[in-house]
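First the structure, in the form of structure tokens, and then the observations on it.
In what follows, every chain begins at residue 1, and chains take the letters A, B, ... in the order their sequences are listed. All figures in this text were calculated on a predicted structure; none of them were measured in a lab. What's counted below: heavy atoms across the whole structure, side chains too, no hydrogens, waters or symmetry copies.
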Protein chains: 2
Amino acid sequence: MFSKACEYGIRAAIYIGQQSASGRRVGLKDIAAEIDSPEAFTAKILQQLVREQLVTSVKGPTGGFELTPEQLRTVTLRQLVVAIDGGAMLQGCALGLPQCSAKQPCPMHYQFLPIRDQLNELLRAHTIGELASKVQEGLGFLKQFS
Amino acid sequence: MFSKACEYGIRAAIYIGQQSASGRRVGLKDIAAEIDSPEAFTAKILQQLVREQLVTSVKGPTGGFELTPEQLRTVTLRQLVVAIDGGAMLQGCALGLPQCSAKQPCPMHYQFLPIRDQLNELLRAHTIGELASKVQEGLGFLKQFS
DNA sequence: TACATACCGGACAAATTTGTCCTTTAATTT
DNA sequence: AAATTAAAGGACAAATTTGTCCGGTATGTA
Ligand code: FES
Ligand code: FES
């Protein structure tokens, strides 16, 4: 569905959000450990999110990553996905035609559209803050214990 | 959404189906031209589908690819996707957790499940023959003209 | 039987994604 | 100011996906 980079990016953002909601800034090492992702790779993805201003970073001692209250409230899953994976999956043709359009639709077009639209809606409807709460309340997990 | 291989594979299968429904067997070159895909790569994917008995091939002069009436009637999109891409996208966690399960669900799990289920249902519900008819009737396209 | 055709299969190559390492830059603490 | 901390950034490496090439194999035709 999403790329590895995107999966790590979303999980990282949610974890940062969860901690930010409790007033804690978190470092890369902590993040990677808590979401079970490769540290250096996660760093790359976070850099990208910081450049897009979806996540905030602070250098130096006591530094780390955080989400501002505004970011918690307004940044959606969709913005993360677009920033990392681009819009292809959210707009592209299911069968890989260069354009998804009713002009020359692929044979799955009309069946596929509603599902893709729901996915778009789903991503648009959920903010990082909201998902972070869910984790905070123990209703969602960012890694699995065996 | 799907891999390139999967996109080519589905388009190829539908084209083969369309021609088979009209009693025509088609060669690789023809297929690649009609679905606008790299010839050699398409060959690889078709080999795979033939091994899985989702498509039939005949060697030698007048040979080529075809779908038996039974294949036209029974092979679903889902079988193609599973054969080429595996079941990950149809069962895996949206956020990349190793297991998608209600035991330790990711924070998107309950929102994501119905969409994934619909996608599964969609793929299961459409046979190659059905999609081929749509193309035959001019209601769907396997490549785009500009 | 010889030959031509078209898929099969393996090896190889290019491109992209995933992942690592190390130096630089910025900020805090002593 | 110096030392320490932690993210930023660039170069590089591994793995996977995408794509090509070519000799082998089966089949139909002359
Ligand atoms: S044209 Fe294929 S999904 Fe719209
Ligand atoms: S656990 Fe993430 S989708 Fe089910």
Sub-3.5 Å donor-acceptor pair from the side chain of B/Q48 to the main-chain atoms of B/A83, do we have one? yes

May I ask you to say what A/L46 touches in the nucleic acid, namely base, sugar-phosphate or nothing, with a heavy-atom cut-off under 4.0 Å? nothing

Can you pull the contact range of chain B along DNA chain D, 5' to 3', using atoms under 4.0 angstrom from its heavy atoms? D/dT18 to D/dG28

Closest-nucleotide 5' rank along DNA chain D - winner of A/S57 and B/P61: A/S57

Derivation of the side-chain contact (heavy atoms from CB on, under 4.5 Å) call for B/V58 and B/E66: CA-CA 8 Å; B/V58 179; B/E66 65 185 7; 4.3 Å; yes

Position toward the 5' end of DNA chain D (nearest nucleotide), A/G63 or A/K44: A/G63

Rounded interatomic separation in angstrom, taking NZ from A/K59 and C1' from C/dA27: 9 Å

Between atom NZ in A/K29 and atom P in C/dT20, what is the gap in whole Å? 14 Å

Rounding to an integer number of Å, can you tell me how far B/I31 CD1 sits from C/dA6 P? 12 Å

Just to confirm, is there a sub-4.0 Å distance from OP1 or OP2 of C/dA6 to any side-chain nitrogen or oxygen of B/R25? no

Determine whether B/I84 and B/L49 satisfy the following criterion, side-chain contact (heavy atoms from CB on, under 4.5 Å), listing intermediate values before the conclusion. CA-CA 8 Å; B/I84 301 172; B/L49 296 180; 3.9 Å; yes

Here's a test of your reading of the structure: between A/K4 and A/G60, which maps to the more 5' nucleotide of DNA chain C? A/K4

Short question: side chain of B/Q79, backbone of B/L54 - any donor-acceptor pair under 3.5 Å? no

Minimum side-chain heavy-atom gap A/Y110-B/L139 below 4.5 Å: no

Under 4.0 Å from any atom of DNA chain C, heavy atoms only: list the residues of residues 77-100 of chain A that qualify, in numerical order. none

Rounding to a whole Å, what distance do you find between A/Q47:CD and C/dC22:C1'? 13 Å

Separation of B/I16 atom CD1 from C/dA6 atom C1', in whole Å? 13 Å

Please report the shortest heavy-atom distance between B/V135 and B/Q18, naming the atom on each side. CG1-OE1, 3.3 Å

Please confirm whether the backbone N or O of B/M108 pairs with a side-chain atom of A/K134, one donor and one acceptor, at under 3.5 Å? no

Assuming nearest nucleotide by heavy-atom distance, tell me which of A/V58 and A/A40 is located more 5' along DNA chain C. A/A40

Do B/E7 and B/K4 meet the salt-bridge criterion of a basic N to acidic O distance under 4.0 Å? yes

When you compare the side chain of A/F2 with that of A/V81, does any pair of heavy atoms fall below 4.5 Å? yes

